[in-house]
Amino acid sequence: MDRHHEGIVRDDSGGEAMNGVRDLLGAIAALPLHRRVRVLNVCGDQERVISLSDMRRQLPDVVEVVPGPGCAASICPEADVFQALRLVERHSVTLLVSENLLRLPLTEPGNGPRSLVDAMHSGADIRPIAAPIEAVVAAREKPSRDMVLFLAGFETLLAPLAGMVLDGLPENLSILLCGRRAEPLIDRLLAANADDFDALLLPGNRCALTGTGEWDRLSNTYGKPAAVAGYTAINILSALHSVLQRHEHGKASVENLYRRLARPEGNAMARDQMERVFEPFAGGWRGVGVVDGTGFRLRHAYDVINADCRYPDYRGEMIEASRQMPDGCACAEVLVGRKTPAQCAMFAHACSPTAPIGPCMASEDGTCFLHRSLLSAA
Ligand code: SF4
């Protein structure tokens, strides 16, 4: 039996029967919440479940689940997209790119394409891929053609990428990478205003790789209860119940509800491989700025497969050209949980999945895209 609430069995309880979503919603509604509680969600995959299940509407009014910086494509700096475009325009290369980066808009494209998909439709050699390993296969199939793999992601992308690099890439393949980790950004947000959020919902898959140590530190430093969750509605509601209950009791700690995969120390092999391949740096977050320790880039030992080093001739121009967000777009605030998509004047009007204005609508994992999808389904 769950130790927090009679009638609820934690979903990560090793085979015990789970009560349903309705029971969990009932248990949350029964909590004596005396004032508004804002729970920051830092995971795009969990945001997809929350949005598409219409979970927010079913929670009590005092519970606000705030989408945060969980979509790696949305936070990919415009400069990186510009760099990828210039690269495919000016060099004889094939650009292999995650689908979620294809439609990211350039604010000032000049006479050129507004996005990678525009360039692709104009004939640029850009090919969407679903997984990085596809780039290795493509490069091996055509060894005479130089190829660049353009990716944006958190540790769940970086860990398998590190393994790929250590296995050895084909000579004709290099990497253009926007690799990020979220913890230092959340630290900065809470340090700026600890009252912005009352609790944290944490991504089980990332914690399975990195462990929970840094989240423990943030939880204790700022007095915020946090829960590591999986990826079903039941997983997420269990985690919400956990943090809400501990918030009411003034208990700041991390509860791990994804114990089958996420251990406090993380995955030692994955951590070691990431450490060997990547080094931390001050990474840029679109609309947010540069945050120390949030970036992962290839170590110098891998300069030969680093597209930044292989094709260095447009970086200055790229930085000049970046303005970060389109006029009137509230993505900068949406990314850090200070606004909801509905608080942007262009949401549901000028900006839509078929005509995205900002990165949060251009990526299928973006907060605005997910919220708009829910609106369309209603
Ligand atoms: Fe940006 Fe469009 Fe979202 Fe507004 S609705 S914040 S313009 S992506």
Side-chain angles (χ1 to χ4, degrees), residues 38 40-57 64-82 84-85 97-110 113-119 128 152-154 178 180 182 185-186 189 192-193 196-197 284-289 291 321-378:
R38 301 189 86 224
L40 180 67
N41 168 33
V42 299
C43 175
D45 290 333
Q46 288 168 343
E47 182 55 36
R48 175 173 291 278
V49 176
I50 293 166
S51 294
L52 301 186
S53 67
D54 202 10
M55 189 183 290
R56 287 187 174 86
R57 214 164 46 83
E64 189 179 352
V65 183
V66 182
C71 169
S74 299
I75 60 90
C76 179
E78 181 175 348
D80 289 17
V81 181
F82 185 86
L85 266 171
V97 56
S98 317
E99 287 196 43
N100 61 353
L101 298 174
L102 276 175
R103 299 190 312 147
L104 292 181
L106 287 182
T107 306
E108 294 184 8
R114 293 191 58 81
S115 64
L116 291 170
V117 79
D118 278 358
F154 298 103
C178 170
R180 295 291 182 270
L185 173 63
I186 305 304
L189 294 178
N193 192 350
D196 273 355
F197 309 108
W285 297 65
R286 190 169 188 170
V288 176
V291 184
S322 270
R323 257 196 38 206
Q324 298 292 332
M325 288 299 176
D327 287 340
C329 168
C331 278
E333 290 86 8
V334 170
L335 285 167
V336 292
R338 296 208 174 103
K339 275 191 179 174
T340 64
Q343 289 172 315
C344 172
M346 292 195 274
F347 182 74
H349 302 292
C351 183
S352 69
T354 48
I357 291 174
C360 296
M361 189 68 86
S363 164
E364 291 190 6
D365 298 322
T367 301
C368 295
F369 183 98
L370 293 171
H371 285 224
R372 181 60 194 258
S373 301
L374 176 65
L375 206 64
S376 307

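Residue indices begin at 1 and follow the sequence shown. Counting starts at 1 for both ligands and their atoms, following the listed order. Source: prediction; values computed, not measured.
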Any side-chain heavy-atom pair from Phe369 and Arg103 closer than 4.5 angstrom?
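In short, these two side chains touch, coming nearer than 4.5 Å.
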Salt bridge flag under 4.0 Å for residues Arg38 and Asp196
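Asp196 and Arg38: not salt-bridged.
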What is the distance from atom [atom1] of [X] to atom [atom2] of [Y], rounded to the nearest 0.5 Å?
X: Ser51; Y: Arg56; atom1: OG; atom2: CZ; value: 5.0 Å
X: Leu189; Y: Leu40; atom1: CG; atom2: CG; value: 7.5 Å
X: Asp327; Y: Met346; atom1: CG; atom2: CE; value: 8.0 Å

Atoms (protein N, O or S; no water) under 2.8 Å from atom 1 (Fe) of ligand 1:
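Total protein N/O/S atoms under 2.8 Å from atom 1 (Fe) of ligand 1: 1.
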Pick from Cys331, Pro359, Cys360, Pro69: which one makes a side-chain contact (heavy atoms from CB on, under 4.5 Å) with Arg286?
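Considering Cys331, Pro359, Cys360, Pro69, a side-chain contact (heavy atoms from CB on, under 4.5 Å) with Arg286 is found only for Pro359.
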